[in-house]
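A note on names: the letters A, B, ... follow the listed sequences, proteins ahead of strands, and every chain is numbered from 1.
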Amino acid sequence: MPVIQLPDGSKRRFDNTVTGAEIAADISTSLARDAVAIRVGGELWDLSRSIEDDVAIEIVTRDSEDGLELLRHDAAHVLAEAVKELWPDTQVTIGPAIENGFYYDFARDEPFTEDDLEVITKRMLEIVERDEEIKREVWVRDDAIKLFRDMGEEFKARIIEDIPADETLTLYRQGDFVDLCRGPHLPSTGKLGRAFRLMRVSGAYWRGDAKNQMLQRIYGTAWATPKQLKAYLHRLEEAEKRDHRVLGRVMDLFHFQEEAPGAVFWHPKGWSLFQNLVEYMRQRQNEAGYLEVNTPELMDVSLWEASGHLETFGDNMFTTQTEDGRIYAIKPMNCPGHVQLFKQGITSYRDLPYRLAEFGKVHRYEPSGALHGMLRVRAFTQDDAHIFCTPEQITDETIAVCQLILGIYRDFGFEDVVIKYADRPKVRVGDDAVWDQAEAALKAALDSSGLDYIHNPGEGAFYGPKLEFVLRDAIGRDWQCGTHQVDLNLPERLGATYIGADGQKHTPVLLHRAIFGSLERFIAILLEHHAGKLPLWLSPTQAKVLTITSDADDYALDVVSQLRNAGISADADLRNEKISYKVREHSVAKVPVLMAVGRREIDEKTVALRRLGSKHQKVLALSDAILELSEEIRDRGQAA
RNA sequence: GCCGGUAUAGCUCAGCUGGUAGAGCAGGGGUUUUGUAAACCUCAGGUCGGGAGUUCGAAUCUCUCUGCCGGCACCA
């Protein structure tokens, strides 16, 4: 005779054991309709599972976060059922719910085609229509293995074999389809509804390991209501419009071409944007006590052997051989070069910390399949810096770097930043004792900074543990940009020393840090974050002066020169076109400020100023316009 | 690197089951002097990504290489 407590504190008494479905029905018919599971303690239970004890429960509805996950997981099962009905020889493997949807991995020789997806969708809708009951069954491990092996489901059998022998297994059966699954599930396939869509098919390795067989993964999205599905598809379309590869073309910033895979051809406007970022960073770094340097792109492989790069990073390095037989590597990182600079000049502890910065262009041979616009390239520019310091200085320097990074991200409008602490990876150089020391130092510094962080095990650099700075953009995507690493290995390998206060030789600690990470990547992120509408201070062309009639040509040129004198990048558009035509063209190209000038403006020494994204313009004195824009540029769009 | 898709004019795309290419925009020339997201007329522009094959004949079918796209793996 269980007493069930609901989230509002009310209690219901039942005479016999009761199921979640019965409780929901007892409350209201609409709840009975929308319920998909119940939460008992921390666990989700099937609606059909009977409750014997007094417990507090929560009814999970289809549009809640948990409910959606269930729905998506169910969609994966219905997908698998449909595929098994259509192609019985296909083997099923796994099919979880993921963000916004689900997937299922199948083993099948024939590839799935676009047309197949339509056929599968149709079958899935039929299965929903059939409203098959989804039944939970508890099985003994060995019986389950036999069941799947007899069905020819080798992959499933292997999954079960890896489950500890004493663990009870649950299978879920719907129609003729049975799948190993932890559950819970919806009570019947009809509850899935029709708000799902198969999106694409792709390859995926069995158990996520590139050494294994490749399976075929079908991705789908699923929602509680058709309206939500539509909204999601709309969001995808919007995200596509933000694609930096598209914006790069319409804004005339850069391009790629076949002869240089993974390398950017910067157009004048794009390069101007690039230089704006460099100038900004240069100023911030100068203020923070960094010294800017430049080191060779090409250095003999012996240096890279000594640093350990060739051994641990060699697969990613470009090399070239000259006529004299020497082999040079094109630098994939700037650190060895900076150590050479340190070795040239620094001899005393009095010079530490010694902070070297370089806008270093590095080349890395990334796997062809990894390339993606400017977000993943083979040639990129790092805002790299190396801080040589004593062990005692690690904490202060680390805190200073964290503050610098967070402050800079704020200037770009990124407030939401996650810090990850990544420790030793499998492939690394140096003794464990040195790693113990480096990890402890970084962690202690981070702890004393008072910043929140999460642990990212095994993801450090090959020479030391690191902090990763992940920022979240306007549409909720995460990007890793900044990094800060403690390195006790490279300075020693490359023979860097200084004389301490004790008169003895010491090896300096090397802190590696980057803030944008890659300028190319950061620009791509900025473009997508702002959907191309860059803040005024960053825009390559800040203002365009448009003539309404050719009578205004002289005045327009005068306006442009006054703007330029005030440090505002401006151009005139004197073409024989209608003003609407010019407004449209420059709006499409995302020019932030348009100034139209005609006869009235000539007479009154004014401009008709229109902001990107606005349908309105205001007429103001040229001098006032210049003042307004100058202030906005100076404050980087953030009113003091 | 792996799986799948894809490559036609500067850009976006059309071209059915093989009969050697078409539109819009951009560009050139002209008309128009224009008041806030596309004025009008006209001209030019492509060995259909590269190579090989099948065929009387290939943008179209096959193979292969390269790039790109979506994932996976890698990386950050």
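If you check distances only, the side chain of A:Arg376 does reach the base of B:C75 with a donor-acceptor pair under 3.5 Å. Below the 3.5 angstrom threshold, one finds a donor paired with an acceptor across the side chain of A:Arg610 and the base of B:A37. A donor and an acceptor atom never sit less than 3.5 Å apart when one is taken from the side chain of A:Arg245 and the other from the base of B:C69. For A:Glu114 against B:G4, a side-chain-to-base donor-acceptor contact under 3.5 Å is absent. A:Tyr365 contributes no side-chain N or O that forms a donor-acceptor pair with the base of B:G1 under 3.5 Å.
Among the nucleotides B:A39, B:C11, B:U33, the one closest to the side chain of A:Arg249 is B:C11. Of the candidate nucleotides B:A38, B:G35, B:A73, B:A73 has the atom nearest to the side chain of A:Tyr205. Comparing B:A39, B:C68, B:A73 by their closest approach to the side chain of A:Ser580 singles out B:A39. In this structure, the nucleotide among B:A37, B:A76, B:C72 sitting nearest to the side chain of A:Leu612 is B:A37. Distance from the side chain of A:Ala596 is smallest to B:U36 among B:G1, B:C3, B:U36. Of the candidate nucleotides B:A37, B:C68, B:A73, B:A37 has the atom nearest to the side chain of A:Val583. In this structure, the nucleotide among B:G35, B:U66, B:C74 sitting nearest to the side chain of A:Ala370 is B:C74. Nearest to the side-chain atoms of A:His372 among the listed nucleotides B:A39, B:G70, B:A76 stands B:G70. Comparing atom distances between the A:Lys466 side chain and each of B:C2, B:A76, B:U36 picks out B:A76 as nearest. Set against B:G71, B:U33, B:A38, the side chain of A:Ser202 has B:G71 as its closest nucleotide.
If you take atom P in B:G67 and the same atom in B:U31, they sit 49 Å apart, rounded to whole Å. Nucleotides B:C61 and B:G19 are separated by 15 Å at their C1' atoms, to the nearest Å. Separating the C1' atom of B:A9 from that of B:U47 is a span of 14 Å, rounded to the nearest Å. Comparing the C1' positions of B:G4 and B:A73 gives an interatomic distance of 15 Å, to the nearest angstrom. B:A59 and B:U54 are spaced 16 Å apart, taking the P atom of each and rounding to whole Å. Comparing B:G1 with B:G45, their P atoms sit 39 Å apart, to the nearest whole Å. Comparing the same atom, P, in B:G15 and in B:A76 gives a spacing of 44 Å after rounding to whole Å. Nucleotides B:G18 and B:A58 place their P atoms 13 Å apart, quoted to the nearest Å.
Screening A:Arg428, A:Arg424, A:Lys466 against A:Glu439 for a salt bridge (Lys or Arg N to Asp or Glu O under 4.0 Å) leaves a single residue, A:Arg424.
RNA chain B is contacted by both A:Gly262 and A:Glu601; A:Glu601 maps to the nucleotide lying nearer its 5′ end (nearest heavy atom per residue). Checking A:Ala608 against A:Tyr219, the closest nucleotide of RNA chain B that is more toward the 5' end is the one next to A:Ala608.
Remark: A:Arg158 CZ is packed, more than 12 non-hydrogen atoms of other residues, nucleotides or ligands lying under 6.0 Å away.
Remark: C1' of B:U66 and CD of A:Glu258 are 5 Å apart, rounded to the nearest angstrom. Here the P atom of nucleotide B:A76 and the CZ atom of A:Arg521 are 11 Å apart, to the nearest Å. In this entry the distance linking CG of A:Asn212 with P of B:C74 reads 12 Å, nearest Å. At whole-Å resolution of the value, CD in A:Glu259 and C1' in B:G50 are 11 Å apart. Spacing between atom CZ of A:Arg108 and atom C1' of B:G4 amounts to 13 Å, rounded to whole angstrom units. To the nearest angstrom, P of B:C69 lies 18 Å from CE of A:Met199. Note: CG (A:Leu215) to P (B:G4) measures 13 Å, nearest angstrom. When the C1' atom of B:G10 is taken as reference, atom CG of A:Asp252 falls 11 Å away, rounded to whole Å.
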Restricting both atoms to N or O, compile the protein contacts to nucleotides 23-29 of chain B shorter than 3.5 Å, with distance only.
residue, atom, partner, partner atom, Å
B:A26, OP1, A:Tyr581, OH, 3.0

Protein-nucleic acid N or O pairs under 3.5 Å, nucleotides 45-48 of chain B:
none

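The phosphate of B:C69 has neither OP1 nor OP2 within less than 4.0 Å of any side-chain N or O from A:Arg200. Between A:Ser368 and B:G1 there is a side-chain N or O to OP1 or OP2 distance below 4.0 Å.
A side-chain donor-acceptor contact under 3.5 Å links A:Tyr104 and A:Asp179. Remark: the A:Thr547 side chain and the A:Lys582 side chain contain an N/O donor-acceptor pair separated by less than 3.5 Å. A side-chain donor-acceptor contact under 3.5 Å links A:Ser307 and A:His309. Looking only at atom types and distance, the side chain of A:Ser539 has no donor-acceptor partner in the side chain of A:Lys269 under 3.5 Å away. One side chain, A:His586 or A:Asp573, offers a donor N or O that lies under 3.5 Å from an acceptor on the other. Under the 3.5 Å distance criterion, with hydrogens and angles disregarded, a donor-acceptor pair is assigned to the side chains of A:Glu468 and A:Asn456. Side chains of A:Arg197 and A:Tyr219: no donor on one and acceptor on the other come within 3.5 Å.
Using a 4.0 Å heavy-atom distance criterion, A:Gly208 is classed as a sugar-phosphate-only contact. Using a 4.0 Å heavy-atom distance criterion, A:Pro111 is classed as a sugar-phosphate-only contact.
The closest side-chain heavy-atom distance from A:Trp87 to A:Ile120 is below 4.5 Å. Residues A:His363 and A:Phe380 are not in side-chain contact: their nearest non-hydrogen atoms beyond the backbone lie 4.5 Å or more apart.
Taken together, the paired segments of RNA chain B that extend over three or more consecutive Watson-Crick or G-U pairs, each closer than 3.5 Å at both contacts, are B:1-7 with B:66-72, B:10-13 with B:22-25, B:27-31 with B:39-43, B:49-53 with B:61-65.
Between A:His512 and A:Tyr463, the ring planes lie parallel to each other; the angle is under 30°, not in the 30° to 60° tilted range. Ring geometry, A:Trp223 versus A:Tyr232: the interplanar angle falls from 30° to 60°, so the pair is classed tilted.
Cation-pi geometry between A:Arg108 and A:Phe106 is not met at under 6.0 angstrom from the ring centre and within 45 degrees of the axis.
Rounded to the nearest 0.5 angstrom, A:Met595 CE and A:Leu546 CG are separated by 10.0 Å.
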